[in-house]
Amino acid sequence: MIQIKVQWSVPDIGKDEENAVSEVIKSKWLGMGPRTKEFEGNICSFTGAKHCIVVNNGTSALITALLANNIGPGDEVLVPTYTFIATVNSVLAIGAKPILIDCDPRTFNISPDTITSVLHKHPHAKALIFVDVAGMPADIDAIREIAIKHNLVLIEDAAEAFGALYKNKMVGSFDHTTIFSFHIAKQMTMVEGGAIVAGDSEVAERCRLIRSHGEGKEKYIHIDIGLNFRPTDIQSAIGIAQLKKVLKYIALREKIAKIYMAELNNLLAFQYIPEYVTRHPWMLFMSLAKNRSERDALNRFLNERGIETRIPWPPAHIQPYHKRKLGNISCPNANAVYERILALPIGNAISESQAFQVVDTVKAFYKTVLQ
Ligand SMILES: Cc1ncc(COP(=O)(O)O)c(C=O)c1O
């Protein structure tokens, strides 16, 4: 059996979270309640968002955001193909039609030019979801301009981008609806959890209703559509404790990313970081090998030596279900990225010496296998 030396992502959960959970249990109010409200206020203060609604995961945050913005059956929603599948599945879940957009080969995000060209073919699209891949903000200003020009509902899937800065502005502080995930591998976690932030008070109010079966002020009176997307106060208490430390976690991730880039830049390529990105929170550290066979061999070499990696992600247009459902779609950039990509270990509890173990093992691969 292979002994794992460096896990792909390790959360930092300890005494602070233990105490926070224990207080909730002692309070006897375990379901959604005061801790969730407090957490929502803290997220607004941290991001600069006007409104925040905490939910049970990032996927339900996406579904809530779509419903709250009146997107529904048959509506065309532009969405990146190169993303974790939740982005596309949330569109399908509400009966809307995903129109998949290819990624930029260097940033892995969707670019304003590609969005515009897809809009020519789909002039009746109602919404656009963009993703900040690996946590790196897309070109938010340019994308907002397109959304305004074409009268599109704009939703930012910032599931991976909590704490990211775009032109020194916090992701989440813009007026459009933005969602975060606080899943265990993220920059901060509720174990499972998510949030919607919005500038529009009506959208925010609808999100609150949707989170809890559309129940208004009166018990069992349902004034809107909704489901059960409520978090527990146990999860929110963990979120409160984690949020206090998120800048420390991001600083660690930045340090690890710098080590990888400085040490491996002759061997691997990396996600290109445009100038408008003023803080990349490095939810994922994505590297690119020269081609699929080199990537696969490197991946095996690392895994056999106890270094966990991931290959994120087969793009949506080639996923078995989505291909059946949506037909053949050509997205050559996403295909090319997927062939070469390898996510190296990063996380909230990785050490510098572990990062150097990764570096040394990658160097050993190129020395012994390729020469
Ligand atoms: C881009 C993106 N969107 C949505 C989600 C869904 O979040 P969750 O796993 O919390 O449901 C994720 C999850 O990691 C994600 O990476």
Side-chain angles (χ1 to χ4, degrees), residues 8-9 11 39 43 52-67 77-94 96 98 100-101 103-104 107-110 127-138 140 143 154-164 171-172 176-197 207 210-211 227-232 235-236 238-239 242-243 253 271 280-286 310-317 319 322 334 337-338 341 343 346-348:
W8 173 73
S9 177
F39 187 34
I43 290 172
C52 174
I53 301 92
V54 168
V55 290
N56 58 348
N57 60 58
T59 309
S60 27
L62 276 168
I63 294 172
T64 304
L66 285 160
L67 292 173
V77 181
L78 306 192
V79 60
T81 191
Y82 191 68
T83 180
F84 176 65
I85 203 65
T87 321
V88 182
N89 282 352
S90 61
V91 176
L92 290 168
I94 60 156
L100 299 178
I101 308 185
C103 66
D104 177 279
T107 64
F108 317 148
N109 285 328
I110 54 174
L128 164 63
I129 305 182
F130 69 100
V131 175
D132 303 317
V133 173
M136 190 181 84
I140 299 176
I143 292 175
L154 187 62
I155 295 172
E156 182 170 358
D157 180 348
E160 298 161 12
F162 192 78
V171 161
H176 58 263
T177 314
T178 299
I179 75 97
F180 298 114
S181 163
F182 300 127
H183 169 259
I184 194 81
K186 301 293 191 292
Q187 298 82 297
M188 57 154 288
T189 185
M190 305 163 64
V191 184
E192 290 279 4
I196 308 115
V197 291
C207 289
I210 292 161
R211 171 173 68 178
L227 292 153
N228 176 1
F229 292 153
R230 293 187 301 273
T232 65
Q235 290 162 289
S236 293
I238 294 173
Q242 286 270 297
L243 181 56
R253 286 167 182 266
Q271 186 177 28
H280 188 329
W282 299 104
M283 194 256 129
L284 296 163
F285 184 87
M286 288 166 150
R310 293 273 165 95
I311 298 176
W313 310 268
H317 70 281
Q319 294 284 359
H322 303 79
V337 169
Y338 171 58
I341 203 136
I346 202 154
N348 290 348

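Residue numbers count from 1 along this sequence. Just follow the structure's listing: the first ligand is 1, and inside any ligand the first atom is 1. Hydrogens, waters and symmetry mates are skipped; everything else that's a heavy atom, side chains included, is used.
- Closest to atom 12 (C) of ligand 1 among all protein heavy atoms lies Phe84 CD2, 3.5 Å.
- Summary of contacts: the protein heavy atom closest to atom 2 (C) of ligand 1 is Ala159 CB, 3.3 Å.
- The aromatic rings of Phe39 and Phe182 are tilted relative to each other, their planes meeting at an angle between 30° and 60°.
- Among the atoms of Lys186, some N or O lies under 3.5 angstrom from an N or O of ligand 1.
- Of all atoms in ligand 1, listed by their number and element, those nearer than 4.0 Å to a heavy atom of Thr83 are 1 (C).
- Shortest contact from atom 3 (N) of ligand 1 to any protein heavy atom: Asp157 OD2, 2.7 Å.
- Between Ser181 and ligand 1, an N or O atom pair is found at a separation short of 3.5 Å.
- Not close to ligand 1: Met283, with no non-hydrogen atom less than 4.0 angstrom away.
- Among the atoms of Thr59, some N or O lies under 3.5 angstrom from an N or O of ligand 1.
- Checked against salt bridge (charged side-chain N to carboxylate O under 4.0 Å, His left out), Arg211 has the following partners two or more places apart in sequence or in another chain: Glu40.
- In terms of polar-atom proximity, Gly58 is counted as a contact of ligand 1, with an N or O under 3.5 Å from an N or O of the ligand.
- Scanning all protein heavy atoms for the shortest distance to atom 1 (C) of ligand 1 gives Glu160 OE2, 3.2 Å.
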